[in-house]
Amino acid sequence: MTTAKQPKLVVAIINYNSGDCLKSCVKSVLEQDYENKELIFIDNNSPEKDALDYMHATFDKDPSITIIDNTENRGYARAANQAIKMAISRG
């Protein structure tokens with residue numbers, strides 16, 4: 001019996017000074033039992049770097065998590081579109 005591979009699920013977290021709730025958000029995504037998932041974290045040039053620092057310190061070596069540090073605040077929609085384009089390009 002052959003089992004089909006699960007479609008890839010990509011979760012994008014767009015961050016701007018939201019470090020206070022980031023850990024629980026990421027934890028909740030990672031605890032899902034869906035296996036074929038990827039997390040794209042985009043920091044939208046937050047003045048507070050605690051969320052970005054946490055993501056780098058904790059997940060830099062995790063191949064299922066991509067961390068992007070935008071050099072400008074692109075706004076939510078442009079950052080979300082950035083994540084969508086990344087997800088599509090990776091298949």
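Since this is a predicted model, take the numbers as computed values, not measurements.
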Engineer: Considering only heavy atoms from C-beta outward, does the side chain of Arg74 approach that of Gln82 to under 4.5 Å?
Structural biologist: yes
Engineer: Applying a strict under-4.5 Å side-chain criterion to I, L, V, M, F, W and Y, I'd like to know whether Ile40 and Phe59 cluster together.
Structural biologist: no
Engineer: Test side-chain contact (heavy atoms from CB on, under 4.5 Å) on Ile68 and Met86 and set out the steps.
Structural biologist: CA-CA 11 Å; Ile68 305 295; Met86 289 177 69; 3.9 Å; yes
Engineer: Counting C-beta onward and ignoring hydrogens, is there a side-chain heavy-atom pair between Leu30 and Ile65 closer than 4.5 Å?
Structural biologist: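 Yes - at least one pair of side-chain heavy atoms lies under 4.5 Å apart.
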Engineer: Can you name the residues that form a side-chain contact (heavy atoms from CB on, under 4.5 Å) with Pro47, not counting sequence neighbours?
Structural biologist: Tyr16, Asn17
Engineer: Hey, are the side chains of Ile14 and Phe41 touching, using non-hydrogen atoms and a 4.5 Å cut-off?
Structural biologist: no
Engineer: Tell me who clusters with Ile84, hydrophobic residues only, linked when side chains sit under 4.5 Å apart either directly or through other members.
Structural biologist: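 Under the 4.5 Å side-chain rule, Ile84 groups with Ile88.
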Engineer: Of all the heavy-atom pairs spanning Ile42 and Ala79, show the shortest one and how long it is.
Structural biologist: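 Minimum heavy-atom contact is CD1-O, 3.4 Å.
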Engineer: Excluding sequence neighbours, so at least two apart, what forms salt bridge (charged side-chain N to carboxylate O under 4.0 Å, His left out) with Arg90?
Structural biologist: Glu38
Engineer: Which pairs pass side chain to side chain donor-acceptor pair (under 3.5 Å) with one or both residues in residues 25-36, sequence neighbours excluded?
Structural biologist: Lys27-Glu31
Engineer: Return a table of donor-acceptor pairs under 3.5 angstrom between the side chains of residues 50-58 and protein atoms on other chains or two or more places apart.
Structural biologist:
from  : atom 1 : to    : atom 2 : distance (Å)
His56 : ND1    : Asp60 : OD1    : 2.7
His56 : ND1    : Asp60 : OD2    : 3.4
Thr58 : OG1    : Tyr54 : O      : 2.8

Engineer: If you take all heavy atoms of Ile13 and Cys25, which pair is closest and at what distance?
Structural biologist: CD1-SG, 3.7 Å
Engineer: Is it true that a side-chain atom of Lys49 and a backbone atom of Ser46 form a donor plus acceptor pair closer than 3.5 Å?
Structural biologist: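 A pair under 3.5 Å: yes.
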Engineer: Quick one, Asn70 with Asn45, criterion side chain to side chain donor-acceptor pair (under 3.5 Å). Give me CA distance, side-chain angles, the key distance, then yes/no.
Structural biologist: CA-CA 5 Å; Asn70 283 342; Asn45 198 30; over 6 Å; no
Engineer: Who pairs with Asp62 by side chain to side chain donor-acceptor pair (under 3.5 Å), at least two apart in sequence or on another chain?
Structural biologist: Ser64
Engineer: Can you confirm whether Leu39 sits close enough to Thr66 that some side-chain heavy atom of one is under 4.5 Å from a side-chain heavy atom of the other?
Structural biologist: no
Engineer: Can Val26 be reached from Val10 by stepping across I, L, V, M, F, W or Y side chains whose heavy atoms are under 4.5 Å apart?
Structural biologist: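 Unlinked, Val10 and Val26 end up in two clusters.
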